[in-house]
Amino acid sequence: MTMDNNKIYQDTPGKKNIIHLNNAGSSLMTQQVLDTQIKHLNLEANIGGYEAMAQMSEELDQVYNSVAKLINASADEIAIVENATVGWAMAFYAIDFKPGDRILTVEAEYVSNFIAYLHMAKEKDVSIEVIPSGEDGELCLDILESMIDENVKLISATHVPTNSGLVNSVAALGDIARKHNILFMVDACQSVGQMPIDVEEIKCDMLSATSRKYLRGPRGVGFLYVKKSVIEKLHPPIIDLRGAKWKSATEYELRNDAKRFENWESNYAGTLGLGAAIDYALDIGLENIQTRIDELANYLRGKLNEIEGVSTHTISQHQCGIITFSVNGIEAASIVNKLRENGINTSLSEPSSTLLDANKNKLPNLIRSSVHYFNDEDELGKFISVLKEIIN
Ligand SMILES: Cc1ncc(COP(=O)(O)O)c(C=O)c1O
């Protein structure tokens, strides 16, 4: 399918009310995602939650196929969980770290992931080392090669960090991880839904993502991919009757698929909504989505750079739909609030969300504008003129 902008605009009810440039925070759901969830909630209210689950069992199974198709995996490698953080943590805390193990990560690593590394360092005496990036924002792969030894247990990287628009070259990390037989984990929370993601190409062992961001799905749902050959090596930190079978007074048996990382109780309306969101994105095509996002982001970056007093903060040639900027002499929070009063959603990006990168690049609080394919040039023009009014 090619991009049918009229249909896309009609399918996006929120577009009538606001200019939504907070797609990296939580995007606008399509009418289809909304209807899917409401239909299931109605079913739960009318026939009972367990009965609704049973009635929709085929559709619920289908969601795993949709996630698998989205990232080129198979359905038994997918766990559907509460959010990206739960997915990521279920995999990370399942790794059998030993004292002396080394974790290699990236400069623009996401706050919650880094906190988990620090926690693991405290609990298990592992070390955390950062793969440097060059002046151009690109990962220094030759330095990474020289950092590898038999104690490197995990390479773990955020694909698209929360700010700056950087797209880390995860496939290049995957090549090195695979060559040295090191576990490789990718936080694809901000990239899934805005560009094609292929776990075979990235060569990752684990990958986590959320529904509400570029996938345009509901809040409170996410997923985890774990490569088939790795699943059996990972014991989830929390298991219940979903992930394991109770065999006897002294035994349980873990499932052999990725559902071992799930809990029994789940938000089924949200899961079905996630499926509808993925199917919608697949229908449009992830290449088409990425092309339109790039077009709009380049347009917006150009317009922002023309405004006196505005500095965009981009640290790499590989950019996506996220554009962060600051305004000379005006606090970012105040700009975000004034934009919102004018019907324009952006968000505040604080240094603490990517602390190492923010310290290195001396980043202040930033305004984050994140475009999606359902935005258009008219909206971006309005955003620019409102911003100019706020500044002057
Ligand atoms: C890079 C990155 N990873 C993980 C997360 C956490 O996602 P969730 O809130 O769905 O757990 C975020 C959220 O902003 C993020 O930007």
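Counting convention: from 1, in listed order, for ligands and their atoms alike.
With salt bridges taken as basic N to acidic carboxylate O contacts below 4.0 Å, none links Lys303 and Glu377. The existence of a salt bridge linking Glu379 and Lys382 is excluded, since no basic side-chain nitrogen approaches an acidic carboxylate oxygen closer than 4.0 Å.
Side-chain contact of Ser266 with Arg242: a donor-acceptor pair under 3.5 Å is absent, judged by distance alone. For Thr30 and Asp11, the side-chain atoms include no donor-acceptor pair closer than 3.5 Å.
Side chain of Ser208 to backbone of Asp187: no donor-acceptor contact under 3.5 angstrom is found.
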May I have the list of side-chain donor-acceptor pairs in residues 333-346 shorter than 3.5 Å, sequence neighbours left out?
unit_1, atom_1, unit_2, atom_2, d
Asn337, ND2, Ala333, O, 3.3
Asn342, ND2, Lys338, O, 2.8
Asn345, ND2, His20, ND1, 3.0

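Contact residues for ligand 1 (protein heavy atom closer than 4.0 angstrom to any ligand atom): Asn83, Ala84, Thr85, Tyr110, Thr158, Val160, Thr162, Asp187, Cys189, Gln190, Thr210, Arg212, Lys213.
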